[in-house]
Amino acid sequence: MKNIVNIILLSGLIALFSCTKGFEEMNSNPNQISEVNPEYLFNTSVYETLDASCGEIKKIALDNYVQYNYGQTNQFGRYGNVPTTNSNYFKAFYNYALLPLHLIIEDITGNPEYANRLAIVRIWEAYVFSQVTSIWGPVPMSGALAGTTSIPYDDEPTIYRNLLSTLKECAAAIDLSGDVFNNDPVFSVDGKSDLKKWIKFANSLRLRLAVRICNADRELAMSNISELMADEDNLMTGNEDNCIVKWGDNESTRNYYYDYFIVQTSNDDKANAAGEGFLMHTAPYNDPRLPMFFTECNSPQMPADFHWAPYWGTPKTDHAPVSGLIDDGSNPYSGVPMTAFSVMLDSYFAQSYAQTIMSYAEVCLLKSEISYLGLGSGSRNAADYYRLGIEASMQQFGVTDSDAISTYLSTDGIEWGTTSNLENPEGESYFMDYLGLSSGAIKDTEDDPIYHQIIMQQYIALFNQAIDAWTLIRRSQVLDLPPHYQPETGYGAVNAGSADVQFAYIPQRFVYPSTELQDNAAEVEKAISKYLEGGDNMDTKLWWAKPQLINERLQELVENYN
């Protein structure tokens with residue numbers, strides 16, 4: 001009966017927060033619940049986290065940002081902002097993913113019978129906040145969900161210091177012989193929490209965040225990296241340690257993509273087509289993972305003798321950055337429906353799809369980056385970690401052909417320390433988008449080809465982890481992904497150019513939601529003036545990110561046009 005009572009209580013709570021009055025109402029009085037069920041609330045938070053980070057926000061905006069694939073889109077996907085939608089995304093994280101965790105923490109802190117479960121909840125809370133701050137930058141954290149109507153914002157350095165400290169503390173606090181959740185939705189053995197894997201996840205997430213901030217606070221990054229690399233056994237050590245969370249099997253908890261692409265299918269264009277930007281980094285190298293991502297294209301609309309066949313992807317738009325560069329007569333993409341391209345495999349649309357949160361492959365490639373950049377050292381060198389990361393990614397995505405893996409690892413541009421083969425009959429065009437403006441090639445003329453190799457492999461290994469890939473792109477700024485050539489001209493667009501010159505680079509952040517600007521205005525304005533040098537704009541660089549990579553070919557084209 002206790003579980004039923006708590007389900008009713010939580011349902012009532014969520015119904016209360018479903019109105020659109022924003023953060024102020026969310027914080028009105030969360031402590032009204034006098035009794036909570038940590039087991040149920042934790043499961044609720046994990047599902048709501050999936051929905052917040054891998055639901056509509058991913059399909060509408062982030063898939064288009066990172067260019068793994070493109071589906072139906074709106075102003076967000078065209079690099080603009082929709083205030084009401086943005087408010088819903090903010091609310092999804094705070095009201096639905098974070099609030100249940102807050103209630104648990106309030107209820108069980110100080111109770112020794114819940115010591116491990118408290119640590120687990122705080123680890124998951126740190127993960128959610130790491131995603132939220134990667135989207136908006138400065139956000140409410142220390143004062144969030146405390147029952148006040150004015151919620152202060154924390155600056156990014158404070159947020160990351162707290163996240164790193166929390167993950168360190170919680171990993172150390174877990175007692176392998178202590179209490180567990182009986183129905184752990186993340187790491188479990190026979191349903192019960194797998195405490196060792198929770199420790200590894202906390203440490204691996206801490207490594208991810210330390211590397212993320214290395215451009216902004218190298219000293220803090222290196223102190224955390226040094227501690228973590230001193231005991232690599234407490235990081236993910238194999239794919240069995242991957243953090244993977246399954247969607248549910250009913251209408252309330254199932255995969256958002258299942259609902260959108262399978263249940264709600266209403267026209268032929270409701271497909272997630274392979275992104276040309278992603279294919280630039282995989283198809284020219286005969287990446288064995290491609291069949292694990294996309295279908296082969298058998299459409300008669302694919303250009304004859306297309307060099308990446310049997311894979312054909314779509315650009316975000318069939319427009320060009322300047323008028324007159326292409327015309328419909330020479331444009332192979334004009335009027336082509338999404339279903340004509342290679343599309344994501346049906347397995348990604350499964351009702352109970354298992355979403356990767358963090359992987360061993362990512363950990364290996366982070367170690368390669370750490371070793372190569374001199375941020376720390378471990379048991380292997382950068383090249384070995386790089387190879388281990390690629391092999392782990394192959395295994396993770398189900399590639400079993402050892403010969404294909406070996407061939408890939410010895411391919412120019414993929415093999416450690418090599419550059420792409422530009423002596424092929426097509427030259428660099430073989431690696432470029434259809435406009436010939438962006439390139440997936442590793443070149444000896446660039447500043448740091450090896451770093452480019454490491455980041456490119458992280459980008460591929462993060463397939464279908466849109467927020468994480470977006471963060472990688474912004475913090476490294478080495479991937480030459482095509483800008484948007486038909487960007488939104490309103491809705492807070494990043495850079496729409498002029499009527500004759502239209503392009504926009506990938507957004508650097510989401511702007512603050514309209515509900516926050518209305519209900520928490522004083523604190524939001526304080527945060528904007530103190531913490532965001534570029535203002536509350538989509539092209540404002542976050543604290544840890546590098547400056548926007550400028551496409552030199554595009555720059556020259558625009559200058560010559562003008």
Side-chain angles (χ1 to χ4, degrees), residues 14 16-30 48 51-53 55-58 60-62 65 74-99 102 128-159 467 470 474 487-496 504 506-543 545:
I14 290 179
L16 173 66
F17 293 150
S18 292
C19 62
T20 57
K21 294 184 179 179
F23 212 37
E24 178 179 353
E25 177 158 342
M26 179 181 72
N27 282 271
S28 59
N29 191 357
E48 296 294 350
D51 205 38
S53 60
E56 181 183 295
I57 191 174
K58 182 171 173 291
I60 292 296
L62 299 179
Y65 288 6
N74 69 353
Q75 289 89 350
F76 260 109
R78 295 194 297 273
Y79 297 2
N81 173 59
V82 184
T84 54
T85 304
N86 198 0
S87 294
N88 290 337
Y89 295 159
F90 200 73
K91 185 168 67 175
F93 280 106
Y94 277 96
N95 293 33
Y96 302 148
L98 286 166
L99 180 56
H102 175 79
V128 179
F129 270 120
S130 76
Q131 300 294 82
V132 173
T133 190
S134 75
I135 296 171
W136 284 279
V139 291
M141 190 171 85
S142 59
L145 305 158
T148 60
T149 55
S150 179
I151 308 98
Y153 277 55
D154 294 285
D155 67 301
E156 292 179 271
T158 299
I159 291 171
I467 293 178
W470 183 33
R474 291 174 290 161
E488 188 57 57
T489 56
Y491 299 95
V494 178
N495 169 24
I506 184 172
Q508 296 298 306
R509 60 183 291 273
F510 283 8
V511 298
Y512 290 127
S514 56
T515 46
E516 276 291 273
L517 294 169
Q518 294 166 8
D519 299 333
N520 196 26
E523 294 295 341
V524 175
E525 290 302 325
K526 206 181 297 181
I528 294 170
S529 62
K530 290 174 64 177
Y531 306 144
L532 290 174
E533 291 185 11
D536 185 26
N537 300 305
M538 296 185 78
D539 60 353
T540 293
K541 183 181 79 67
L542 295 186
W543 173 63

Note to self: Between Ser529 and Lys526 (side chain of the first, backbone of the second, donor and acceptor by atom type, cut-off under 3.5 Å), is there such a pair?
What the structure shows: yes
Check: Should Pro138 and Glu156 count as side-chain neighbours, where that means a heavy-atom distance under 4.5 Å?
Finding: yes
Note to self: Holding to side-chain hydrogen bond (donor to acceptor under 3.5 Å, both in side chains), I want the full list of residues that pass it with Ser514, two or more places apart in sequence or in another chain.
What the structure shows: Ser87
Item checked: Minimum heavy-atom distance between Ile528 and Gly535, given as atom pair plus value -> CG2-CA, 4.1 Å
Item checked: Results of side-chain hydrogen bond (donor to acceptor under 3.5 Å, both in side chains) for Tyr89 - residues two or more places apart only -> Glu56
Notebook entry, point to check: So which of Leu99, Ile151, Val132 actually passes side-chain contact (heavy atoms from CB on, under 4.5 Å) with Tyr94?
Noted result: Val132
Margin query: Any non-hydrogen side-chain atom of Phe93 less than 4.5 Å from a side-chain atom of Val139?
Written below: no
Next item on the list: Mind listing the closest non-hydrogen atom pair of Ile135 and Ile467 along with its distance?
Entry: CD1-CD1, 3.8 Å
Notebook entry, point to check: Can you list the residues that meet the ring-ring contact (aromatic ring centres under 6.0 Å, His included) rule with Phe510, with sequence neighbours excluded?
Noted result: Phe76, Trp136, Trp470
Notebook entry, point to check: Going by heavy atoms in the side chains, are Tyr65 and Tyr79 under 4.5 Å from each other?
Noted result: yes
Checklist line | Smallest separation among heavy atoms of Thr540 and Arg509, with atom names | finding: O-CD, 3.5 Å
Check: Any side-chain heavy atom of Thr85 within less than 4.5 Å of one from Ile60?
Finding: no
Margin query: If you compare all heavy atoms of Pro140 against all heavy atoms of Phe90, which two are closest, and at what distance to 0.1 Å?
Written below: CD-CZ, 4.2 Å
Next item on the list: Would you mind listing every ring pair (Phe, Tyr, Trp, His ring centres under 6.0 Å) that reaches into residues 511-530, with sequence neighbours excluded?
Entry: Tyr153-Tyr512
Check: Taking only residues two or more places apart in sequence, or in another chain, which ones meet Pro152 in a side chain to side chain contact (heavy atoms under 4.5 Å, CB included)?
Finding: Glu523
Note to self: Could you go through Thr515 and Lys91, starting from their C-alpha distance and side-chain angles, then the distance that decides it, and tell me whether this counts as side-chain contact (heavy atoms from CB on, under 4.5 Å)?
What the structure shows: CA-CA 9 Å; Thr515 46; Lys91 185 168 67 175; over 6 Å; no
Checklist line | side-chain hydrogen bond (donor to acceptor under 3.5 Å, both in side chains) partners of Asp51, counting only residues at least two apart | finding: none
Checklist line | Spacing of CG belonging to Leu145 relative to CG belonging to Asn95, to within rounding of 0.5 Å | finding: 8.0 Å
Next item on the list: Kindly write out the residues that satisfy side-chain hydrogen bond (donor to acceptor under 3.5 Å, both in side chains) with Ser142, not counting sequence neighbours, or none if the list is empty.
Entry: Asp154
Notebook entry, point to check: Taking only residues two or more places apart in sequence or in another chain, which ones pass side chain to side chain contact (heavy atoms under 4.5 Å, CB included) with Ala545?
Noted result: Arg474, Gln508, Lys541
Next item on the list: Any chance you could measure Asn86, atom CG, to Met538, atom CE, to the nearest 0.5 Å?
Entry: 8.0 Å
Checklist line | Smallest separation among heavy atoms of Asp155 and Pro157, with atom names | finding: OD2-CD, 2.9 Å
Next item on the list: Please report the closest heavy-atom contact between Val128 and Ala97, naming both atoms and the distance.
Entry: CG1-CB, 4.3 Å
